[in-house]
Amino acid sequence: MTIRKGNPEDMEAVLGLIQELADFEKEPDAVLITVDDLIRDGFGLVPLFHVFVAEVENNPSDSEQAKQIVGIALYYYRYSTWKGKTIHLEDLVVKDKMRGTGLGYALYSEIIKQAKKDKVRRIEWNVLDWNMSAIEFYEKSGAKVLDEWRVAQMDETAINYFVENKLK
């Protein structure tokens with residue numbers, strides 16, 4: 001297993017893992033981005049995200065490619081008025097067949113090492129309340145899963161409604 005920074009050529013595999021996560025989270029139709037979006041947004045002049053990928057060697061008879069991307073940790077920087085620069089871990093995804101191999105821990109560790117290197121004061125992410133194995137994984141590492149905070153979102157439909165109806 002190798003953990004490395006992702007590059008534009010990895011984005012097709014990254015998108016596949018993002019879709020796998022959406023399927024797992026029971027939102028199979030929620031992914032709207034494309035490979036081109038990922039390349040533009042992650043590798044332009046001002047990247048909007050960064051990604052670590054986990055690769056494993058393939059059995060030559062299994063695939064044409066010698067290596068396969070089987071996990072990702074996609075993150076970006078935020079700013080806290082209380083803490084300063086922080087990292088938001090958007091997605092930590094490991095292919096279903098590779099769970100339990102230590103690959104998720106390796107990707108998670110890479111994010112924490114990046115945070116230490118960047119001198120950030122907080123790493124944050126969301127976890128679904130029904131994903132008990134993930135919650136236990138995070139808590140075992142020393143992370144706190146906060147019950148008192150709620151995630152608020154406004155989707156594209158709500159944004160359009162607000163702009164068209166509330167700003168007049």
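Start at 1 with the first residue, then count along the sequence.
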- Should Tyr138 and Leu103 be regarded as members of a common hydrophobic cluster, given that ILVMFWY residues are connected when their side-chain heavy atoms come within less than 4.5 Å of each other, either directly or indirectly? yes
Checklist line | Check: Arg4 and Glu55 side chains under 4.5 Å, non-hydrogen atoms | finding: yes
Under a 3.5 Å threshold, yes or no: a donor from one side chain and an acceptor from the other, between Asn160 and Glu156? no
Assess the pair Tyr77 and His50: is the distance between their ring centroids shorter than 6.0 Å? yes
Minimal heavy-atom distance between Ile135 and Val145, with the atoms involved, is CG2-CG2, 4.1 Å
4.5 Å side-chain heavy-atom contact, Ile111 and Ile123: yes
**Asked** Are Ile39 and Ile69 joined in one hydrophobic group, where the rule is that I, L, V, M, F, W and Y side chains link up if heavy atoms are under 4.5 Å apart?
**Response** yes
Under a 4.5 Å side-chain heavy-atom rule over Ile, Leu, Val, Met, Phe, Trp and Tyr, are Leu48 and Ile18 clustered together? no
Please check if the side chain of Asp23 supplies one atom and the backbone of Glu20 the other of a donor-acceptor pair under 3.5 Å. no
>> Could you check whether any side-chain heavy atom of Ile72 comes within less than 4.5 Å of a side-chain heavy atom of Leu107, counting everything from C-beta outward?
In response: no
When rounded to the nearest 0.5 Å, the distance separating CG of Leu92 from CZ of Phe52 is 12.0 Å
Heavy atoms of Leu32 and Asp37 approach each other most closely as O-OD2, 4.3 Å
By salt bridge (charged side-chain N to carboxylate O under 4.0 Å, His left out), Lys113 pairs with (sequence neighbours left out) Glu110
Minimal heavy-atom distance between Val53 and Gly6, with the atoms involved, is CG1-CA, 4.1 Å
Validation row, ring centre Trp125 to ring centre Phe137 under 6.0 Å:
no
Check: Does Asp91 use its side chain to pair, donor to acceptor, with the backbone of Val93 at less than 3.5 Å?
Finding: no
Q.
Main chain of Val120, side chain of Asp118: is a donor-acceptor contact present, judged purely on distance under 3.5 Å?
A. no
task: Show your reasoning for whether side chain to side chain donor-acceptor pair (under 3.5 Å) applies to Thr86 and Tyr79.
output: CA-CA 6 Å; Thr86 67; Tyr79 194 83; over 6 Å; no
Donor-acceptor pair, side chain of Asn165 and main chain of Tyr161, under 3.5 angstrom: yes
Let me check something: do Val94 and Met1 share a hydrophobic cluster, defined by ILVMFWY side-chain heavy atoms less than 4.5 Å apart, either directly or through other members? yes
So does Asp10 get a backbone contact from the side chain of Asn7, meaning a donor-acceptor N/O pair under 3.5 Å? yes
> Between Asn58 and Lys67, is a side chain to side chain contact (heavy atoms under 4.5 Å, CB included) present by the stated rule, with each step listed?
Replying inline: CA-CA 5 Å; Asn58 266 340; Lys67 294 183 179 187; over 6 Å; no
Side-chain touch Val51/Met11, heavy atoms, less than 4.5 angstrom | yes
>> Within the structure provided, determine whether Lys95 and Leu17 are in side-chain contact (heavy-atom separation under 4.5 Å).
In response: yes
Ring of Tyr105, cation from Arg99 - is the NZ or CZ under 6.0 Å from the centre and inside 45° of the axis? no
Under 3.5 Å, side chain of Arg78 to main-chain N/O of Ile87, donor-acceptor pair present? no
